[in-house]
Amino acid sequence: MKRLFCHGLLAGLAPALVVTSAWACFTSERAAVLGVLHPDIEFENLAHAMHAAEPIEYAYRGPAGCINGMSDIFPCDGIELAGWLELPELGGGSGSDSWGWKDEQTGRYYALMGRSNGVAFVDITDPADPIYIGNLPRPAGVGSSVWTDLKTYQDHAFIVADSVNNHGMLVFDLTRLRDVATPPVTFSADAQYLNFEFANGSPGTHHEAHNIAINTASGFAYTTGGNTCAGGLHMIDIRTPTQPEFAGCFSADGYTHDVQCVVYSGPDERYTGREICFASNEDSLTIVDVSDKESPVQLGRHTYASSEYTHQGWLTPDQRWFVTDDELDETRQGLPGTRTLVFDVALLDSVPAPAEYIADGPSIDHNQYVLGNYTFQANYRRGLRILRLDDPATADLTEVAYFDTYPASDGNSFQGAWNVYPFFDNGTVLVSDINRGLFVLRIVAPEVVELFGTIYADGFEGDQR
């Protein structure tokens with residue numbers, strides 16, 4: 001039977017408080033909707049408290065080069081502080097997920113910073129002088145929650161939140177950021193998708209999801225960890241962004257924490273051109289053909305003996321390897337360092353056990369994204385870590401750069417870096433931090449600068465100071 005954990009299990013607490021059957025993402029409200037018994041209300045409250053940590057003050061003095069292993073107060077190697085905004089300046093709350101958007105019409109760059117009480121939009125075109133454009137708060141009557149997740153498609157942001165009733169999926173037209181004369185302003189959403197219908201067809205008020213992924217090549221969004229589709233893939237047609245439409249469900253493998261969906265061009269030629277989702281499903285990598293949204297097909301459910309909580313992952317550009325993290329293995333197994341897992345997905349229905357890499361310091365891994373043969377990891381108390389994939393088959397990885405947003409200490413606890421956004425074409429990287437807000441970082445490690453130059457070619461602007 002699948003073990004049901006979720007994002008936010010309380011590493012660092014006394015063993016008696018770690019309940020192996022607890023559903024930290026399955027709140028008491030959601031348990032009632034799904035018709036199941038919530039095992040531990042006290043645990044649920046503690047899970048929220050861990051992530052809703054108080055902001056940590058920092059006296060920002062402007063951009064700081066990475067000199068002798070430090071960028072101002074932050075340990076570093078090949079990455080330097082280019083800009084920063086604290087949580088109170090961004091609308092308050094605690095830090096959550098983040099994403100980025102480049103306005104191709106104006107050439108301006110924006111950070112989208114999820115918070116426990118909304119989303120902040122920040123113009124970071126000049127990283128040293130970030131401009132807080134405005135806030136998209138929770139809809140009227142919707143409460144705060146430590147989880148806000150967002151992605152972009154066709155100049156729109158798509159936002160979900162977990163553990164709050166009636167949030168649904170918000171749609172926001174990012175081109176509105178061009179017209180703000182006197183920031184900051186308070187925005188409202190351009191659309192709200194509330195079609196999270198329940199399996200029994202009954203109406204309800206629990207329109208929520210833990211996460212969202214978007215396949216920009218197909219124009220479909222996938223919300224995960226919600227109170228529909230058994231917590232699995234809830235598929236939404238967003239090809240007309242402000243008119244999202246329900247497209248289908250995948251519920252055969254239960255709860256999905258995160259997913260990456262692509263138009264497949266990898267080595268398994270049986271599925272070339274199909275839309276394939278690689279789902280991190282708590283104790284497995286579950287691969288699903290979602291080409292027919294009304295009849296998705298599970299191609300494989302690939303487990304590994306040492307799983308604790310299969311959390312999130314990203315494909316290499318050739319779609320041969322899936323690089324992922326297990327959010328609870330460091331604590332539960334007493335690992336000496338952060339573990340990164342690499343699955344060989346050459347055959348989608350037959351995937352061997354993953355190879356593993358152990359970092360040289362302790363921290364819980366969180367979101368990561370692969371560019372070229374490098375993975376950019378947000379690892380809570382060790383901040384941003386960039387690893388080169390020297391040999392994916394054996395998980396032979398080399399750390400080539402880092403920036404530690406939580407300099408007080410390393411360790412297996414849920415403070416520090418939540419997400420990294422490495423997809424800008426100018427060498428700027430975003431890190432959203434639970435306690436310290438928005439970090440705008442500049443890559444200076446030569447081999448990573450070269451990576452950006454190769455990927456973005458003529459559009460890459462290099463080391464802009």
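A side-chain N or O of Glu327 and one of Tyr380 form a donor-acceptor pair less than 3.5 Å apart. In this model, a donor atom of one side chain and an acceptor atom of the other lie less than 3.5 Å apart for Ser98 and Asn419.
Here the shortest heavy-atom pairing between Ser94 and Leu87 reads C-CD2, 4.0 Å. Of all non-hydrogen atoms in Leu389 and Val370, the two that sit nearest each other are CD1-CG1, 4.3 Å. Of all heavy-atom pairs between Pro183 and Ile131, the closest is CG-CG2, 4.0 Å. Closest approach of Ile236 to His234, counting heavy atoms only: CG1-CD2, 3.6 Å. The two residues Ala279 and Thr256 have their closest heavy-atom pair at CB-CG2, 3.9 Å. Cys76 and Ser71 make their closest contact through SG-N, 3.4 Å (heavy atoms, listed as atom of the first residue, atom of the second, distance).
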For Glu275 and Asn215, what are the C-alpha separation, side-chain angles and deciding distance, and is it a side-chain hydrogen bond (donor to acceptor under 3.5 Å, both in side chains)? CA-CA 9 Å; Glu275 187 167 12; Asn215 183 0; 2.8 Å; yes

Derivation and outcome, salt bridge (Lys or Arg N to Asp or Glu O under 4.0 Å), residues Arg176 and Asp190: CA-CA 10 Å; Arg176 294 168 60 189; Asp190 293 284; 3.0 Å; yes

Evaluate the criterion side chain to side chain contact (heavy atoms under 4.5 Å, CB included) for residue pair Leu299 and Tyr271; output intermediate values, then yes/no. CA-CA 10 Å; Leu299 303 180; Tyr271 301 100; 3.7 Å; yes

Set out, in order, the CA-CA distance, both residues' side-chain angles and the distance that settles side-chain hydrogen bond (donor to acceptor under 3.5 Å, both in side chains) for Asp155 and Thr175, then state yes or no. CA-CA 7 Å; Asp155 297 337; Thr175 64; over 6 Å; no

Worked verdict on Thr340 versus Val323 for side chain to side chain contact (heavy atoms under 4.5 Å, CB included): CA-CA 7 Å; Thr340 300; Val323 185; 3.6 Å; yes

Show the numbers, then the answer: is there a side chain to side chain contact (heavy atoms under 4.5 Å, CB included) between Leu112 and Trp101? CA-CA 8 Å; Leu112 286 54; Trp101 176 64; 4.1 Å; yes

Are Thr394 and Asp396 close enough, and set up right, to give a side-chain hydrogen bond (donor to acceptor under 3.5 Å, both in side chains), and what steps lead you there? CA-CA 5 Å; Thr394 60; Asp396 181 10; 5.0 Å; no

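Within the structure, side chain to side chain donor-acceptor pair (under 3.5 Å) pairs that include any residue of residues 57-68 comprise Tyr58-Asp72, Arg61-Asp72 (at least two apart or interchain).
Side-chain contact between Ile386 and Ile79: present, with at least one pair of heavy atoms (C-beta onward) separated by less than 4.5 Å. For the pair Thr310/Tyr304, a side-chain contact is recorded, criterion being any heavy-atom separation below 4.5 Å from C-beta on. Residues Asp289 and Tyr264 fail the side-chain proximity criterion, which asks for heavy atoms closer than 4.5 Å. Using a 4.5 Å heavy-atom cutoff, the side chains of Arg381 and Phe414 are not in contact. Side-chain contact between Val345 and Leu315 is present, with heavy atoms from C-beta onward closer than 4.5 Å.
Looking only at distances, a side-chain donor or acceptor of Trp84 sits under 3.5 Å from a matching main-chain atom of Arg436. Of the possible donor and acceptor atoms, none in the side chain of Ser432 sits under 3.5 Å from a partner among the backbone N and O of Gly95. The backbone N or O of Ser265 sits less than 3.5 Å from a side-chain atom of Gln319, completing a donor-acceptor pair. Put simply, the side chain of Ser363 gets close to the backbone of Asn379: a donor and an acceptor are under 3.5 Å apart. Looking at Glu308, its side chain never comes within 3.5 Å of a backbone N or O of Gln333 through a donor-acceptor pair. Counting only distance, with no hydrogens or angles, the side chain of Asp237 and the backbone of Pro244 share no donor-acceptor pair below 3.5 Å. Asp268 contributes a side-chain N or O that, together with a main-chain N or O of Leu348, makes up a donor-acceptor pair within less than 3.5 Å. Under a 3.5 Å cut-off, the side chain of His257 and the backbone N or O of His311 do form a donor-acceptor pair. In this structure a side-chain-to-backbone donor-acceptor pair under 3.5 Å is present from Thr324 to Gln312. A donor-acceptor pair under 3.5 Å is formed between the side chain of Ser145 and the backbone N or O of Asp162.
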Scan the side chains in residues 354-361 for donor-acceptor partners under 3.5 Å anywhere in the protein, sequence neighbours excluded, and list what turns up.
{"unit_1": "Glu356", "atom_1": "OE1", "unit_2": "Arg339", "atom_2": "NH1", "d": "3.0"}
{"unit_1": "Asp360", "atom_1": "OD1", "unit_2": "Arg382", "atom_2": "NH2", "d": "3.2"}

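Asp129 is linked by a side-chain contact (heavy atoms from CB on, under 4.5 Å) to Asp126, counting only residues two or more places apart in sequence or in another chain.
The pair Asp283-Arg301 meets the salt-bridge criterion, since a charged nitrogen lies less than 4.0 angstrom from a carboxylate oxygen.
Not less than 6.0 angstrom separates the ring centroid of Phe343 from the ring centroid of Phe278. Residues Phe423 and Tyr421 bring their aromatic ring centres within 6.0 Å. The aromatic ring centroids of Tyr153 and Trp99 lie 6.0 Å or more from each other. A centroid separation of less than 6.0 Å is found between the aromatic rings of Phe74 and Phe403.
Rounding to the nearest 0.5 Å gives a distance of 9.0 Å between CG of Asn135 and CZ of Phe187. The line from CZ of Phe250 to CG of Leu233 is 6.5 Å long, rounded to the nearest 0.5 Å. The structure places CG of Asp404 at 12.0 Å from CG of Asp77, a figure rounded to the nearest 0.5 Å. Taking CD1 from Ile364 and CG from Asp325, the interatomic distance works out to 11.0 Å, rounded to the nearest 0.5 Å.
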